[in-house]
Participant: 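Structure below; questions to follow.
Each chain gets a letter, A, B and so on, in the order its sequence line appears, and its residues count up from 1.
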There are 2 protein chains.
Amino acid sequence: MFLEINLESEIPIYTQIRNEIIKGIALGQLVEGDGLPSVRQMAIDMGINMHTINKGYNFLKQEGFLSIHRRKGVVVNGPDKYRYNAAFLEILTENLSPIIIEAYTRGVRTDTIERVIKKILLSVSVPVEGGDHD
Amino acid sequence: MFLEINLESEIPIYTQIRNEIIKGIALGQLVEGDGLPSVRQMAIDMGINMHTINKGYNFLKQEGFLSIHRRKGVVVNGPDKYRYNAAFLEILTENLSPIIIEAYTRGVRTDTIERVIKKILLSVSVPVEGGDHD
DNA sequence: TGTATTGTTATACTAATAGTATAACAGCCC
DNA sequence: GGGCTGTTATACTATTAGTATAACAATACA
């Protein structure tokens with residue numbers, strides 16, 4: 001696995017694992033049916049405790065990104081398992097609000113904010129005029 | 001003070017205080033020179049410990065939003081004291097990335113994400129076609 | 001000049017969370 | 001049946017959030 005984890009970050013390790021795997025799915029590096037390393041193996045690879053990995057995997061399982069089987073291990077789900085709904089859009093708004101409002105208050109103009117958003121989206125997708133993901 | 005604080009939230013109280021005051025500045029409810037309640041008074045009003053308020057105030061002080069004097073109390077700064085710079089834009093990108101990437105991965109289309117952003121900005125500013133803040 | 005109010009600092013305590021460390025349990029493919 | 005999987009339980013350390021007192025230091029103001 002090629003997860004970029006920063007042990008010094010204030011962001012919990014299991015959260016970083018979660019975010020990196022979601023990013024891997026966004027980039028197409030992880031697709032439906034792909035298997036992930038076992039909690040023990042990844043723990044060894046990353047020099048991190050097994051339970052921390054397991055915690056990250058379980059968040060992703062609960063959110064629909066992964067399926068977990070006793071012996072088969074951890075497998076990436078298809079998009080239908082983690083497609084967004086109205087509730088997600090509400091949480092998204094709640095999470096974005098303080099960040100966006102701070103930027104606005106600090107004088108970042110609307111078009112600059114949108115440029116930042118576009119840059120992030122471009123880092124994870126192929127730009128297609130008028131087109132989109134899925 | 002009219003800060004909306006949720007004691008049950010996973011977000012630390014002092015962070016909520018910080019965000020609410022920044023929001024107050026964005027809305028124009030707090031402008032340069034305005035005084036805020038003393039740490040003791042606000043602690044009483046909100047039923048929260050003095051140190052928690054103080055922690056929130058000090059974050060805002062360190063970030064340039066507030067000035068704090070021994071006896072005069074806490075005062076809102078002018079925009080020049082908290083205007084963004086290049087470093088802020090980098091942190092902004094870092095903070096937005098996992099949220100935006102997750103939304104994208106879950107199938108939220110680019111224009112939907114931008115609609116959410118616009119909704120947040122509208123909640124805090126007066127819509128002006130082609131114009132902007134400041 | 002006092003005095004009261006301000007933010008500040010120090011100390012101590014509880015509760016919750018992150019992370020580590022072992023160990024054992026249970027499903028299941030080969 | 002052996003070995004690998006995720007799972008669960010327990011225990012421990014470190015850090016953070018929040019509370020609770022108390023005292024200190026600057027300073028506006030009567």
Participant: Provide the full list of side chain to side chain donor-acceptor pair (under 3.5 Å) pairs with a residue in residues 18-31 of chain A, sequence neighbours left out, each pair given once.
Facilitator: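 For residues 18-31 of chain A, and leaving out neighbouring residues, the side chain to side chain donor-acceptor pair (under 3.5 Å) pairs sorted by first residue read A:Arg18-A:Glu63, A:Arg18-B:Glu102.
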Participant: Expressed in angstrom and rounded to an integer, what is the separation of B:Arg40 atom CZ from D:dA25 atom P?
Facilitator: 15 Å
Participant: Is a side-chain donor or acceptor of A:Asn58 paired with a backbone partner of A:Asn54 at a separation under 3.5 angstrom?
Facilitator: yes
Participant: Please state how far atom CZ in B:Arg18 lies from atom P in D:dA17, giving the value in whole angstrom units.
Facilitator: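 That distance rounds to 13 Å.
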Participant: Could you tell me whether the side chain of A:Asn77 and the main chain of A:Gly64 form a donor-acceptor pair under 3.5 Å?
Facilitator: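 The answer is yes, because a donor-acceptor pair under 3.5 Å joins these two groups.
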Participant: Figure out the CG/C1' separation between B:Asn6 and D:dA17, and round it to whole Å.
Facilitator: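 These atoms are roughly 15 Å apart.
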Participant: Between C1' on D:dA25 and NZ on B:Lys72, what's the gap in Å once rounded to a whole number?
Facilitator: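 Answer to the nearest Å: 17 Å.
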Participant: Distance check needed: D:dA17 P versus B:Glu8 CD, whole Å only.
Facilitator: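 Atom CD in B:Glu8 sits about 17 Å away from atom P in D:dA17.
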Participant: Considering only heavy atoms and no angle criterion, is a donor-acceptor pair shorter than 3.5 Å present between the side chain of B:Arg71 and the base of C:dG7?
Facilitator: no
Participant: Rounded to the nearest angstrom, tell me the gap between atom CZ in A:Arg70 and atom P in C:dG27.
Facilitator: 6 Å
Participant: Could you run down nucleotides 12-20 of chain C 5' to 3' and tag each one B, S or - for protein heavy-atom contact under 4.0 Å?
Facilitator: ------SSB
Participant: For A:Asn54 and D:dT5, is the shortest distance between a side-chain N/O and OP1 or OP2 below 4.0 Å?
Facilitator: no
Participant: Starting from C1' on C:dA4, measure out to NE2 on B:His69 and report it in whole angstrom.
Facilitator: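 Those two atoms, NE2 and C1', are 19 Å apart.
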Participant: Hey, quick one: are B:Val31 and A:Tyr104 part of the same hydrophobic cluster, counting side-chain heavy atoms closer than 4.5 Å, chains of contacts allowed?
Facilitator: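 Not linked; separate clusters.
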Participant: How far does CG of B:Leu60 sit from OH of B:Tyr57, to the nearest 0.5 angstrom?
Facilitator: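 So the CG of B:Leu60 and the OH of B:Tyr57 are separated by 9.0 Å.
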Participant: Taking the side chain as everything from C-beta on, heavy atoms only, tell me whether B:Phe65 gets closer than 4.5 Å to A:Thr105.
Facilitator: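 Yes, close enough: below the 4.5 Å cut-off.
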Participant: For B:Asn58 and D:dA17, what is the distance between atoms CG and C1' respectively, to the nearest whole Å?
Facilitator: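 Going from CG in B:Asn58 over to C1' in D:dA17 covers 16 Å.
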Participant: When the axes are fitted on five pairs at both termini, how much does the helix from C:dT1-D:dA30 to C:dC30-D:dG1 curve, in 10° steps?
Facilitator: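 That helix has its two terminal axes inclined by roughly 20°.
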Participant: Would you mind reporting whether B:Ile100 and A:Leu96 have side-chain heavy atoms less than 4.5 Å apart?
Facilitator: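 With C-beta onward as the side chain, the pair touches.
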Participant: Roughly how far apart are B:Lys118 NZ and A:Ile113 CD1, rounded to 0.5 Å?
Facilitator: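 Answer rounded to 0.5 Å: 11.0 Å.
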Participant: With a 3.5 Å distance limit and no angle check, can you tell me whether B:Glu114 reaches the backbone of A:Glu114 through a side-chain donor-acceptor pair?
Facilitator: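 No: the side chain of B:Glu114 does not pair with the backbone of A:Glu114.
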